[in-house]
Amino acid sequence: MTDSEWEQLLCSSPSKAYETLIDQYGNLIYAIVLNKIGNCGTREDVEDCVSDIMVEVFKNAEKYSAGSGSLKSYISTIAKFRAIDAFRQLSARNNMRSDVEDDDIFIPPALDNTEEETEKRIFSQNLWNIVRSLGEPDCSIIVYQYFYKRKIHEIAKILEMTSDSVKKRSMRARKKIGTLLRKGGYHE
Amino acid sequence: MNKNDKDLMDKLNDLEDFSVEEIAEKYPAIDKKTRKRILKQCMKKNAFSAGSDHEVKEAITVSGTERYKRRNLYRFAASAAAFVIAVGGITSVFMLNRNPNGNISSESEKPPAASFYDKSSDAASESSSTSTNSTEAVYDHDTSNTLPADDNVSDGFGYLGTTENDTPQPTIEATEPTTDNTVSFDNVALNETCWSEGEIDGPDEHRIEFGKDGFSGHYITPPYDYTTQDALQVYFTYTQNGDEISIRMGSNKATGKVSFSDDRNQVMLTIVWADGRTDHFYTYSIEINSDGSLEYYLPSDSDYNSQPTTTENNLVSLNGTTWYESELDGTFENSIMFGNDGCNGHYIIPPEDYATTDPTLIYFSYMQNGNEILISMGSDTATGKLSSADNDPRGQVMMTLVWANGDTEYLYTEDISVTDLQN
């Protein structure tokens, strides 16, 4: 479905437009959200955030016009900002939980323009490049296990493998990644 | 793979946008269930925020409610009802505890099934006094108040061809060996004995004591595989020397059973009296009827195996018996099995104050029915000792032999000598 077709569908049948949005961009939104809050939120938090993004896209649908840019970029932008908001909220919540006894003033983590953040990003990107180089099914296993935070049996079901082989392959792949990272100059 | 390698993998986030897009495209994460969940959430949120989605709105809008206010009247009514119930309960308990005369009943004033025993006791007293001087009427009138219901009692006597009215007072005479007192037994005590299945279903040393004299020496040995779930229905009467005793186990409701494949010489029930006499009831003399009542007859002398099966080889098994001091010291009921037939039913009861540090030196031989049985205890090295007449409370009976057929032999101090086996 093209962007203009979706725009038309939004006018004629909003519910169907929703479904189409999820089918077409759901995975992208999900990945964007996970990329931000994967380490601090639960799966429910991720789904909650995804649905928030969907609603926001839907609510601001009239602001979108197919002529001004692609729907994908429009959704990605909303998703990124929403994910950052969610990350801040979740970090605050987690800090509130852990530091509830110390009365420390919570300082939201800075996300942009810091040296540390840049280093982190560079490392993550390098890591992803190494994961990509592993080939299949090791790459899939690592992505599902560490990006999507899926459990072994879930991965086994998705990849139609046994849990044992998923576990073994994951272990070998991690070992390989560790070696490759160290070869590339990474030191713990 | 070390822990650091594992931690590294957690850094697989915060990727560049194009990498995320690649992952989303190659590795889709939204399955049907997730899609459904997200869609549902979207609909809900959309309905809340914009109010545009009519479908979901209906499901989550609640209207027409008002704050519930409990009326004060209910509280008073509930308190009053609770008070009435409490007072009623206490009153009814109090009324139930009162007898027809208006007095609060106590243990000693209960009259119930005692009437039957009261009637019969007079007759029994008369009969017993005419028959022998040494006989004592032993049926306890006072305690019969806690007997089972009358119908159970009459059932038990019914099989003996008697009725409630003509049943004589059960009185038991002591025969041999003579004791100065007849056996006194008390139905109530037996009836009230808790005879649980676990106690009965096992070795036959389990026994139920009865009688008024502190239950000393009077006990009934239940059959090996007798079981009942209605312990209160277990009672007995028995006929001996013209007096009547009936035995009954179980009831209509109970699951009492008597084995017909008892490998212990068919002895199903043994009554051991205070004077040492033993009465046995055999499988063919005991029958449980469909209504739970029990029929039986007493075995004649020929029913017993009058010849003890002891042979010289028995000495070996006795000598091999380990006889620990702690088991013998002060426990009269400790017994040592002997005999060639798997030690079944043959046992020797040691004297109360016998002690030895060399248990393997104990042996015996004794003369009976042409067979010689010698008894010897202790050795030079052992510290075996025999009690004197002064300190033996059991009339110088130093050792009791109980045979498989139930015969009991008493050995007195003069019959027993210490022999140095090593010489």
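We name chains A, B, ... by the order of the sequence lines, and we start the count at 1 in each one.
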Self-check item: Taking every non-hydrogen atom, the tightest pair across B:Gln41 and A:Glu47
Solution: OE1-O, 3.5 Å
Quiz item: Do side-chain atoms of A:Asn27 reach the backbone of B:Ala29 as a donor and acceptor pair under 3.5 angstrom?
Solution: yes
Exercise. Tell me, please, which residues at least two apart from B:Arg35 pass salt bridge (charged side-chain N to carboxylate O under 4.0 Å, His left out).
Key: A:Glu19, A:Asp23
Exercise. Any chance you could measure B:Arg37, atom CZ, to A:Ser51, atom OG, to the nearest 0.5 Å?
Key: 11.0 Å
Quiz item: Taking the side chain as C-beta and beyond, is there a heavy-atom pair between A:Ile158 and B:Tyr27 under 4.5 Å?
Solution: no
Quiz item: Between atom SG of A:Cys139 and atom CD1 of B:Ile23, what is the distance when rounded to the nearest 0.5 Å?
Solution: 8.0 Å
Practice problem: Check A:Tyr144 against B:Pro28 and note the closest heavy-atom contact, atom names and distance. | Solution: OH-O, 2.9 Å
Exercise. Taking side chain to side chain donor-acceptor pair (under 3.5 Å) as the test, write out the residues that go with A:Asn126, two or more places apart.
Key: none
Quiz item: Would the number of heavy atoms belonging to other residues, nucleotides or ligands and lying under 6.0 Å from CZ of B:Phe18 be above 12?
Solution: yes
Quiz item: Relative to chain B, which of A:Val131, A:Asp48, A:Ile142 shows the most heavy atom pairs under 4.5 Å?
Solution: A:Asp48
Quiz prompt | Under 4.5 Å from a heavy atom of chain B, the part of A:Lys80 involved | solution = side chain
Quiz item: Which bit of A:Tyr30 is near chain B, if near means a heavy-atom gap under 4.5 Å: side chain, backbone, both or neither?
Solution: side chain
Exercise. Return the option, out of A:Asp52, A:Asn129, A:Ile53, A:Ile122, with the maximum number of heavy-atom pairs under 4.5 Å with chain B.
Key: A:Asp52
Self-check item: Region of A:Glu154 that comes under 4.5 Å of a non-hydrogen atom in chain B
Solution: neither
Self-check item: Segment of A:Arg150 engaging chain B (4.5 angstrom heavy-atom cut-off)
Solution: side chain
Self-check item: Neighbour count above 12 (heavy atom, 6.0 Å) for A:Glu136 CD
Solution: yes
Quiz prompt | Interface moiety of A:Ile22 toward chain B, non-hydrogen atoms closer than 4.5 Å | solution = side chain
